[in-house]
Amino acid sequence: MEPFKSGKHENIMRISDWEACWPELTAGFSTRRGGISRYEYESLNCGLHVGDNAEDVWMNRQKLAEAAGYPFSVWTCAEQVHGSNIRIVTEEEAGLGRTRQEDAIKETDGLLTDRPNIFLASFYADCVPLFFYAPGWRVIGVAHAGWRGTVERIGQKMVQRMIQNWGLAPADIYAAIGPSIGSCCYEVNDMVAGRVRNVLHTKAHLVLEHTKEDKYMLNLQETNRILLEEAGVLPSHIEVSHLCTSCRTDLFFSHRKEGGKTGRMTAFIALKEG
Ligand SMILES: [Zn+2]
């Protein structure tokens, strides 16, 4: 069963089982539909850093926040750098980066908070979005895991940070791995395959398929799933999307498929007050 489901808004896929189980939670992933951007960015481009008109991106972000049930004023995002820095977002930081890339939380790929009414947002065009929720603690998080972030273990670092900061146990955490480029479409070279082998060791054959000479097909979602499991997240607490962003350019932007010039989807997670 696909955990990310379309509802009444064509611009959003929600983690519907999570939202049904925990009414205080809002979590999902935007599609490329239902926005106002044009050309390569058609239509719901949420990335300010990709060459689109800023005014169009603001409008797209507003439409998305509204559909998700939050005011645009609490849309909070970071300058993603394919690293593994994580920030615990405070109330004072709510709203950072929503209209200007320069105001975004610097050099950060993972966001966590236990505060309600902060709409954590991060941006994707093939990379893997990781969602986190610890319901007993009301801690939410989202992390951007391309191959670099993945081999830098950003998923495990999110889990460790939650343990350190809130004193929770890995078994308290639920994780969801969102739509991203699938092993059907994600060809990598020897260097990337080697970096994956360095973190997965004997499990690397589960995610790498050697196709020709120095080329491999990589399952980045499964790589992240294995690493989360190694960090102590229960396998039954991890949801994985089956949607490939490169196969489904009708629904998603794909950096690979569209030759690097394209828009960005948003992975979002937020808590309601109360
Ligand atoms: Zn594919």
Side-chain angles (χ1 to χ4, degrees), residues 1-6 10-16 27-35 37 39-47 50 80 82 109 122-131 142-151 154-155 175-197 199-200 203-228 238-268:
M1 277 272 280
E2 172 55 42
F4 288 75
K5 295 191 183 78
S6 304
E10 64 170 350
N11 53 2
I12 286 185
M13 307 186 94
R14 291 172 175 276
I15 312 177
S16 47
F29 194 62
S30 68
T31 69
R32 71 186 296 166
R33 295 179 180 168
S37 292
Y39 312 116
E40 298 92 332
Y41 313 109
E42 191 177 337
S43 61
L44 192 73
N45 168 42
C46 291
V50 294
Q80 299 164 202
H82 293 277
D109 285 83
S122 72
F123 310 109
Y124 301 82
D126 291 338
C127 290
V128 181
L130 302 176
F131 300 78
V142 64
H144 167 245
W147 75 261
R148 287 178 191 278
T150 301
V151 301
I154 189 165
I177 298 172
S180 53
I181 193 166
S183 57
C184 41
C185 297
Y186 194 36
E187 188 180 69
V188 298
N189 62 20
D190 259 338
M191 186 273 289
V192 174
R195 298 284 300 273
V196 170
R197 271 190 225 102
V199 291
L200 287 191
K203 291 178 190 154
H205 70 278
L206 299 171
V207 303
L208 282 168
E209 187 198 344
H210 193 188
T211 47
K212 56 183 185 236
E213 291 163 18
D214 72 331
K215 299 295 182 198
Y216 298 78
M217 302 309 287
L218 170 60
N219 188 335
L220 205 51
Q221 289 175 314
E222 179 64 10
T223 307
N224 277 285
R225 201 197 60 76
I226 292 170
L227 290 170
L228 288 173
I238 307 175
E239 308 260 10
V240 185
S241 173
H242 305 102
L243 294 161
C244 169
T245 47
S246 170
C247 286
R248 295 296 307 273
T249 47
D250 59 317
L251 262 184
F252 301 117
F253 298 111
S254 172
H255 191 267
R256 271 286 171 104
K257 186 73 168 284
E258 296 172 278
K261 198 163 190 207
T262 191
R264 293 292 181 274
M265 283 83 70
T266 302
F268 58 88

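Hydrogens, waters and symmetry mates are skipped; everything else that's a heavy atom, side chains included, is used. Counting convention: from 1, in listed order, for ligands and their atoms alike.
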### Query
Looking at CZ of Phe253 and CZ of Arg32, how far apart are the two atoms once the value is rounded to the nearest 0.5 Å?
5.0 Å
#### Entry: Gap between atom OH of Tyr186 and atom OG of Ser246 - 0.5 Å precision
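The distance works out to 11.5 Å.
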### Query
For Met217 and Cys185, which heavy atoms make the closest approach, and how far apart are they?
CE-C, 3.7 Å
### Query
Is a side-chain donor or acceptor of Asn45 paired with a backbone partner of Arg264 at a separation under 3.5 angstrom?
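Yes: the side chain of Asn45 pairs with the backbone of Arg264.
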### Query
Under the 3.5 angstrom rule, does the side chain of Glu40 hit a backbone N or O of Gly263 as a donor-acceptor pair?
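No, because the side chain of Glu40 does not come within donor-acceptor range (under 3.5 Å) of the backbone of Gly263.
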### Query
If you measure from the Lys or Arg side-chain nitrogens to the Asp or Glu carboxylate oxygens, is any gap between Lys212 and Glu187 under 4.0 Å?
yes
### Query
Is any protein N, O or S atom closer than 2.8 Å to the Zn ion (ligand 1), and if so, which?
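Only Cys184 SG, Cys185 SG, Cys244 SG, Cys247 SG fall inside 2.8 Å of the Zn ion (ligand 1).
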